[in-house]
Amino acid sequence: MHGVKRGILISFEGVEGSGKTTQAKALAEWLSASKIPHIFVRDPGSTEIGEKIRGILLDRKNRGMHAKCEVLLFLAARSQLTYEVLLPALKEKKIVITDRFSDSTFAYQCYARGLPLRLVTVFNRFAAAGLKPDLTFLVEIEAAKRRERGKYVDRMETEAEGYHQKVQRGFELMAMRARKRYRILDGERSVDALHQEVVHHVKEILLRKGYKI
Ligand SMILES: Nc1ncnc2c1ncn2[C@@H]1O[C@H](COP(=O)(O)OP(=O)(O)OP(=O)(O)O)[C@@H](O)[C@H]1O
Ligand SMILES: [Mg+2]
């Protein structure tokens, strides 16, 4: 890792059931097998405080939560994750894989729920210490296919289908705006085919950043 300045932040984004966690975990296993130091986190979550906030966000009893309360809770959890886990790991030159990050907030709370993107972007920058992913995988999937993949019962997942389409559109817009860091994956391909594609892109960035693989 001679010449490596800091670690690499890789995020997985997409609507529920698209296959983010499946691919993020497979990547973590590949990094383990390749003996490349890394951590795997989920946002919100992966700190004691963040997991408690996640519980509040996903609790079906909290249907009355205002959109502003919701976004601030997501940012609160992300802030704790950033300072407690992400920044130290990146400083230690680890690869950080995160199951969702800031773009989920922009897609769900801004594009789909209508909160002001510019303001939330500023709050998010404050919460996440300006941290941005170096590489983002957007796993895309059609609504019908998504529904076939198991039961979705937590608070976020019981939202109307139109909402998910807006979320999907939000992710697509962000991917267009940040082409350099985005890699769009066709979530309807096999788990293995997608994993090969993920590894291909990750190898590329590892080499570019000076890692030995
Ligand atoms: N490429 C694929 N082909 C078919 N099924 C898949 C594929 N990827 C994941 N699945 C299955 O679809 C379901 C959802 O996958 P996964 O949990 O990875 O999605 P997710 O995007 O993390 O969802 P969530 O947002 O709810 O956490 C799981 O049952 C998983 O086994
Ligand atoms: Mg998941």
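For ligands, and for the atoms within them, numbers begin at 1 and follow the listed sequence. None of the values given here were measured: they were computed from a predicted structure.
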Open item on the list: If I take atom SG from residue Cys110 and atom CG from residue Leu173, how far apart are they, to the nearest 0.5 angstrom?
Closed with: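 Result: 12.0 Å between the selected atoms.
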Which atoms of ligand 1 have any heavy atom of [X] under 4.0 Å away?
X	answer
Thr21	18 (O), 20 (P), 22 (O), 27 (O)
Arg100	25 (O)
Ser18	19 (O), 21 (O)
Val15	21 (O)
Val191	1 (N), 2 (C), 7 (C), 8 (N)
Gly19	8 (N), 9 (C), 15 (O), 16 (P), 18 (O), 19 (O), 20 (P), 21 (O)

Quick one: does [X]'s side chain have a donor or acceptor within less than 3.5 Å of a partner on [Y]'s backbone?
X	Y	result
Lys132	Arg125	no
Asn62	Ile56	yes
Glu188	Glu142	yes
Gln23	Val191	yes
Gln109	Gly114	no

Report yes or no: does [X] have a heavy atom closer than 4.0 Å to ligand 1?
X	answer
Arg189	yes
Gly187	yes
Val139	no
Lys25	no

Open item on the list: Quick one about Thr21 and Asp99 (side-chain donor to acceptor, distance below 3.5 Å, no hydrogens or angles considered), yes or no?
Closed with: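 The criterion, which ignores hydrogens and geometry beyond distance, is satisfied for Thr21 and Asp99.
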Open item on the list: Once you restrict to heavy atoms under 4.0 Å, what part of Asp99 touches ligand 1? Side chain, backbone, both or neither.
Closed with: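 The answer is neither; Asp99 stays 4.0 Å or more away.
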Open item on the list: Looking at the Mg ion (ligand 2), is there an N, O or S atom belonging to Thr22 that lies under 2.8 Å away from it?
Closed with: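 Looking at Thr22, which is the residue asked about, there is no N, O or S atom under 2.8 Å from the Mg ion (ligand 2).
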- [ ] Compute the shortest N/O to N/O distance between Gly17 and ligand 1 and return yes if it is under 3.5 Å, no if not.
- [x]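 N/O-N/O distance under 3.5 Å: yes.
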Task: Residues Asp103, Arg181: salt bridge by 4.0 Å N-O rule - done: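 Yes, Asp103 and Arg181 are salt-bridged.
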Task: Of Lys166, Arg100, His164, the residue whose pairing with Tyr108 passes side chain to side chain donor-acceptor pair (under 3.5 Å) - done: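 So, applying the side chain to side chain donor-acceptor pair (under 3.5 Å) to Tyr108 and each of Lys166, Arg100, His164, only Arg100 qualifies.
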